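Bear in mind that the values here come from a model prediction, so they are computed numbers and not experimental data. We use all heavy atoms of the structure for the numbers below, so side chains are in, but hydrogens, waters and symmetry mates are not. Here is how names work: the chains are called A, B, and so on, in the same order as the sequence lines, proteins then strands, and each is numbered from 1.
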Protein chains: 2
Amino acid sequence: MNIGQAASRSGLSAKMIRYYESIGLISPAGRNANGYRRYSDDDLHRLAFIKRSRDLGFSLEEVSRLLTLWQDRQRASADVKALAGAHIDDLNRRIAELAGLRDTLQELVDHCHGDGRPDCPILKDLESGGCCRA
Amino acid sequence: MNIGQAASRSGLSAKMIRYYESIGLISPAGRNANGYRRYSDDDLHRLAFIKRSRDLGFSLEEVSRLLTLWQDRQRASADVKALAGAHIDDLNRRIAELAGLRDTLQELVDHCHGDGRPDCPILKDLESGGCCRA
DNA sequence: CTTGACCTTCCCATAAGGTCAAGGTTGATC
DNA sequence: GATCAACCTTGACCTTATGGGAAGGTCAAG
């Protein structure tokens, strides 16, 4: 199978597959006589694993560790759980941060007339650094 | 005032100030005889406005529009409100997306023993593309 | 033979900076 | 007068995870 088919069947782009190879996330694909990359069903399986991991928000660095654990028949499930747990913590931190921004902004928006007049508490806050919160 | 002082007083880094100038977010600063950038209190005010906007999660593109509205004495507060509202919507979308990922992952983690055995539903899901959700 | 769909490598761009290099300026101290 | 530290200048490369496109090789069909 050439890269195009591996791409469409894994859900990745050909560009991404080449990139993953270039950074060492996957080992270099075999080549046909014409120089085209060749992919086996096993390779495809690995690509789909990567795709799914990325969809769940794991960074390529984390995907790399997941791949290693996946290939390792001696792995402890605790290691996988720890990796996933750390990622969940990370997601929660980012969610809390975004929610904090949203709440601050929402409060500002709530106090803005939103009419044709120029007076605007949102700009006032941006100007002065805010008066009522950290 | 030189760039270092403008930086420490605005909360931005000197590097960021130069960067904002290079991308046209702020107009080129005046120069002293020695070639150093010179900043007025008015410039500082603008820099602090940018810093505060960035802290609230606005992209540089949005900051640019906010600056324009801020300078415009004829602005309608409705325009500012709309911009902030769109940003809130954006934040909410990102929050929902992250929360979705977190929930999926959390469910997988909950089903993983997390012991010394290699059997692991997390890897199983990554492998097969998930069985119980979109 | 040509067309079009593949594939190859290589370079550039993104957002929002960080880091480091190599050099000029300034002010204070010895 | 030398020197040292702290500032400033530009520039170039690093990051993450991709997208876009150029320039060219390959292959099958018409």
Side-chain angles (χ1 to χ4, degrees), chain A residues 1-26 28-40 43-44 46-67 87 90-91 93-94 97-98 101, chain B residues 1-26 28-40 43-44 47 49-67 87 90-91 93-94 97-98 101:
Chain A
M1 168 182 9
N2 286 339
I3 200 173
Q5 216 184 358
S8 67
R9 288 176 60 181
S10 67
L12 297 168
S13 69
K15 202 96 188 191
M16 289 158 69
I17 295 176
R18 291 193 199 99
Y19 174 66
Y20 294 162
E21 181 182 313
S22 81
I23 62 170
L25 181 65
I26 52 182
R31 301 291 183 126
N32 289 320
N34 57 17
Y36 290 10
R37 287 176 181 79
R38 185 179 3 94
Y39 296 90
S40 66
D43 293 329
L44 188 59
R46 223 179 313 269
L47 291 173
F49 180 97
I50 293 172
K51 161 73 169 160
R52 171 76 176 148
S53 302
R54 292 286 301 131
D55 282 350
L56 284 177
F58 287 101
S59 70
L60 291 183
E61 171 68 26
E62 290 168 322
V63 171
S64 177
R65 288 201 287 271
L66 284 171
L67 273 172
H87 185 49
D90 198 44
L91 286 172
R93 264 191 300 276
R94 285 158 60 190
E97 190 180 334
L98 293 180
L101 299 184
Chain B
M1 163 179 16
N2 284 339
I3 200 173
Q5 214 181 3
S8 67
R9 287 177 61 181
S10 67
L12 296 167
S13 70
K15 183 87 191 190
M16 284 302 95
I17 296 176
R18 293 193 199 101
Y19 174 65
Y20 293 161
E21 181 182 312
S22 80
I23 63 172
L25 181 65
I26 52 182
R31 301 292 183 127
N32 289 319
N34 56 15
Y36 289 11
R37 287 176 180 78
R38 185 179 2 94
Y39 295 90
S40 66
D43 294 329
L44 188 60
L47 291 173
F49 181 96
I50 293 172
K51 160 72 170 161
R52 171 76 177 147
S53 302
R54 291 288 299 131
D55 283 350
L56 284 178
F58 287 101
S59 69
L60 291 183
E61 171 67 28
E62 290 168 321
V63 171
S64 176
R65 287 202 287 272
L66 284 171
L67 273 172
H87 186 50
D90 197 45
L91 288 172
R93 263 191 299 279
R94 286 158 60 190
E97 190 180 335
L98 293 180
L101 298 184

Euclidean distance, atom CG of residue A:Asn32 to atom P of C:dC6 [Å, nearest integer]: 16 Å
Earlier contact from the 5' end, DNA chain C, for B:Phe58 and B:Ala33: B:Phe58
Taking B:Tyr36's backbone N and O only, do any of them form a donor-acceptor pair with B:Asn34's side chain (distance below 3.5 Å, no angle check)? yes
Atom CD1 of B:Ile17 and atom P of C:dA16: how far apart are they, to the nearest Å? 17 Å
Rounded to whole angstroms, how far apart are CG on B:Leu60 and P on C:dA13? 18 Å
I want to check one thing: is the phosphate of D:dT18, taken as OP1 and OP2, less than 4.0 Å away from some side-chain N or O of A:Tyr20? yes
Kindly say if A:Arg37 contacts the phosphate of C:dT9, meaning a side-chain N or O under 4.0 Å from OP1 or OP2. yes
Separation of B:Ile3 CD1 from B:Ile17 CD1 (nearest 0.5 Å): 5.0 Å
In Å, rounded to the nearest 0.5 Å, how long is the span from CZ of A:Arg94 to CD of B:Glu97? 9.5 Å
Just compare D:dT18, C:dT8, C:dA16 and give me whichever is closest to any side-chain atom of B:Ser59. C:dA16
Of B:Glu61 and B:Asn34, whose nearest nucleotide on DNA chain C comes first from the 5' end? B:Glu61
Check whether any side-chain nitrogen or oxygen of A:Arg54 sits under 4.0 Å from OP1 or OP2 of D:dT18, and answer yes or no. yes
Is a donor on one side and an acceptor on the other found under 3.5 Å between the side chain of A:Gln5 and the backbone of A:Asn2? no
Please determine if A:Arg93 and A:Asp90 form a salt bridge, counting it only when a charged side-chain N lies under 4.0 Å from a carboxylate O. yes
Looking at D:dG21, D:dT9, C:dC7, which one has an atom nearest to any side-chain atom of A:Ile3? C:dC7
Searching all strands shown, indicate the nucleotide that pairs with C:dC30 (Watson-Crick or G-U wobble; both distances under 3.5 Å). D:dG1
Between the main-chain N or O of A:Ser40 and the side-chain N or O of A:Asp43, is there a donor-acceptor pair closer than 3.5 Å? yes
Let me know the distance between OH of B:Tyr39 and P of D:dC8, rounded to the nearest Å. 10 Å
Can a side chain N or O of B:Arg31 be found less than 4.0 Å away from OP1 or OP2 on D:dT10? yes
I need the OH-P distance between A:Tyr36 and D:dC27, as an integer number of Å. 6 Å
Across the strands shown, which category fits B:Arg18 at heavy-atom distances under 4.0 angstrom: base, sugar-phosphate, nothing? base
Euclidean distance, atom CG of residue B:Asn2 to atom P of D:dT9 [Å, nearest integer]: 7 Å
Could you let me know what D:dC27 is paired to, Watson-Crick or G-U wobble, both distances under 3.5 Å, or none if it's on its own? C:dG4
Write down the distance between NZ (B:Lys15) and C1' (D:dT10), rounded to a whole number of angstrom. 9 Å
Which part of the nucleic acid, if any, lies within reach of B:Arg38 when heavy atoms closer than 4.0 Å are counted: base, sugar-phosphate only, or nothing? nothing
Would you say A:Ser13 reaches D:dT18's phosphate, i.e. side-chain N/O to OP1/OP2 under 4.0 Å? no
From CG of A:Asp55 across to P of D:dA17 the rounded distance in Å is 14 Å
